[in-house]
> 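Dropping the structure in here first, questions after.
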Amino acid sequence: MLGKMMDMPLTITSLIQHAANFHGDTEIVSRSIEGPIHRYTYSDAYQRVQKMANAFIELGVKPGDRIATLAWNGYRHLELYFATSGIGAVCHTINPRLFGDQIAYIINHAQDKIIFVDLSFVPVLEGIKDKIDSSAKIVVMTDQEHLPDCELDDVLCYEDLLAGRSDHYNWPDLNENTACSLCYSSGTTGNPKGVLFSHRSTVLHAWAAVAKDTLGISAQDAVLPVVPMFHVNAWGIPYASAMAGAKLVFPGAGMDGASVYELLDQEEVSFTAGVPTVWLLLLQYLQESGNKLPHLERMVVGGAALPPSIIEAFENDYGCDCVHAWGMTEMSPLGTVGYLKRNMKDLSAEEKMSYKVKQGRAVYGVEMKIVDDDGNELPHNGQDFGELVVRGPWITNGYFEDDEATAECINDDGWLRTGDVCTIDERGFMQIVDRSKDVIKSGGEWISSIELENIAVGHADIAEAAVIGLSHPKWDERPLLICVKAEGAVATGDNVLKFFKGKVADFWIPNEIAFVDELPHTATGKLLKTELRKQFADHTFAD
Ligand code: AMP
């Protein structure tokens, strides 16, 4: 027997409509690319979204067309999120920090019909214009007054597109599984791969995000997504904020400590989210300026491991709950969040920290398990580690137009292989031990490069560290530690290697250490170990 409940499609337009209808006077504040702070409301935003939808129709945009953005977090970018998806087109956010060739590859692979570009990224497009093989129209996201002279053909102006348009649009009835947005995951190997989200997956993800133990976004919050809107839709925060009716605060291009602080303070931000690098910069700024964060209640940190020093500083010195989250582009991205449970409140500070540095507990909607090389499920004992596989309604079932990459990432049972090697403990907290391609196998035993890196950066003389496995005649592979010294440090190799003694099994201690001026990173700030392996390909160990 079927239940007698309404079958309503879950669509993105319903989010902005809800925000405009019930939180119409709630503010959206942006640091604009032109300079000044821009303020308006959900009601204003919805009117402009409808104007843009009308403009799209006149430009000949059809359902399924990809509309690209190369833009910072700001109100125009938000309008594009809703206008493109609402008419059945696909909002394709591109990471402007990628290398030019990768951006050109992505634009060509997605066959973007229009490319919206912030003033800051016009030079990026100019640099690759000869490599783009589509005849995409370019729209600069500014007004006539700020429209630059540039080397691109037939450039349109964002504000001109909206001027004089009707602010009413009859949205089509979309199937909830219609594609709504596209984001390429750059990874560390091969070409970028496209993850194509649907209206349904995005709304379900937003519902999960607003839950208290996930991001806990509510109408009582002012939310500052520092995580870029080109990085997995700013972790879904714009959609979740519209669903909840939260005030949104966008940082534009201002990611430095002083600019982020200014918005946190002036807009009385209660919740923020971003990668560890941003919080390190903010922390430095706060320590130098002596400023405090009286309004900020909580911050979610993800994308890379959260160092305990950040948690301690924000919690002890600034009274802000600092919580670790893990996810992937392929997962929309939320997978786990690290809020402690009620029955953990009496643990010692040290025990609590040992959980807070883990990547967190599964959000409802994400099924996860760790498996060995033969696909057998491993126990949740905090010790056994294997590859984490996941499935759920906001997790991809395959890449956009890329069967080869899809075959590699979806296993025979339909689960997504994350490439993260993890433990899960008795309380359900997941911890990443390594990326599957980075784990070092020495004499048949696994060594976690991440754990060695964490120890190395605990040494006062080391600013940044990477560990890679190099082939070894006896042990198959052995770890090489590659470090950047802290400013003014005098560390010697011996001295750093001795630092590992007693912290890990002896056979884990790297054979050798190499000092470099800097380490290579991907456009999203992750260590580029493929590059390091190339650099050290000819290195042979002394013993
Ligand atoms: P991306 O798709 O660019 O967001 O990258 C996803 C990958 O980033 C994951 O598979 C992890 O390897 C890494 N990652 C994401 N969040 C965390 C975290 N909290 N701690 C450590 N690594 C993370």
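Everything quoted here is computed from the prediction, not taken from an experiment. Start at 1 and go down the list; that is how both ligands and their atoms are numbered.
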> Using a 3.5 Å distance criterion without hydrogens, assess whether the side chain of Asn108 forms a donor-acceptor pair with backbone atoms of Lys131.
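Flag set: sc Asn108 to bb Lys131 pair under 3.5 Å.
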> Taking 4.0 angstrom as the limit and counting only heavy atoms of Thr329, give me the atoms of ligand 1 inside it, by number and element.
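Once the distances to Thr329 are compared, the set is 1 (P), 2 (O), 3 (O), 4 (O).
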> At under 4.0 Å between heavy atoms, which part of Pro333 makes contact with ligand 1: side chain, backbone, both or neither?
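None of Pro333 does.
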> Would you call Glu367-Arg391 a salt bridge at under 4.0 Å N-O?
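So Glu367 pairs with Arg391 through a salt bridge.
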> Does Glu315 come within less than 4.0 Å of Lys352, counting only side-chain N to carboxylate O?
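No.
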> Under 4.0 Å from any heavy atom of Trp326, which atoms of ligand 1 are there?
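Near Trp326, the atoms of ligand 1 are 9 (C), 11 (C), 14 (N), 15 (C), 16 (N), 17 (C), 19 (N), 23 (C).
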> Show the atoms of ligand 1 that are less than 4.0 angstrom away from any heavy atom in Gln359.
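Under 4.0 Å from Gln359, ligand 1 has these atoms: 18 (C), 19 (N), 20 (N), 21 (C).
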> Check this for me: does any side-chain nitrogen of one of Lys193 and Asp402 sit under 4.0 Å from a carboxylate oxygen of the other?
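Between Asp402 and Lys193 there is no salt bridge, as every charged N stays at least 4.0 Å from the carboxylate O atoms.
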> Have a look at Gly335, Gly303, Ala325 and point out the one with the heavy atom closest to atom 19 (N) of ligand 1.
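Ranked by closest heavy atom to atom 19 (N) of ligand 1, first place is Ala325.
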> For ligand 1, which is the ligand I care about here, please tell me if Ala305 has any N or O atom under 3.5 Å from one of the ligand's N or O atoms.
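Ala305 vs ligand 1: N/O contact under 3.5 Å present.
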> Looking only at distance, does Gly302 have an N or O less than 3.5 Å from an N or O of ligand 1?
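In this structure, Gly302 places no N or O atom under 3.5 Å from an N or O of ligand 1.
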> Which of these, Arg435, Lys193, His231, has its nearest heavy atom closest to atom 4 (O) of ligand 1?
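When every heavy atom of Arg435, Lys193, His231 is considered, His231 comes closest to atom 4 (O) of ligand 1.
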> Pick one of side chain, backbone, both or neither for how Ile432 approaches ligand 1, counting any non-hydrogen atom pair under 4.0 Å.
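Just the side chain.
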> Between the main-chain N or O of His92 and the side-chain N or O of Arg66, is there a donor-acceptor pair closer than 3.5 Å?
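No, because the side chain of Arg66 does not come within donor-acceptor range (under 3.5 Å) of the backbone of His92.
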> Do Val484 and Val516 come within less than 4.5 Å of each other through their side chains, counting heavy atoms only?
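Val484 vs Val516: side chains touch.
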> Which option out of Asp420, Thr418, Val195, Val357 puts a heavy atom nearest to atom 10 (O) of ligand 1?
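Shortest heavy-atom distance from atom 10 (O) of ligand 1: Asp420.
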> Could you tell me whether a side-chain N or O of Thr406 sits under 3.5 Å from a main-chain N or O of Tyr399, the two making a donor and an acceptor?
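Yes, Thr406 side chain to Tyr399 backbone: donor-acceptor pair under 3.5 Å.
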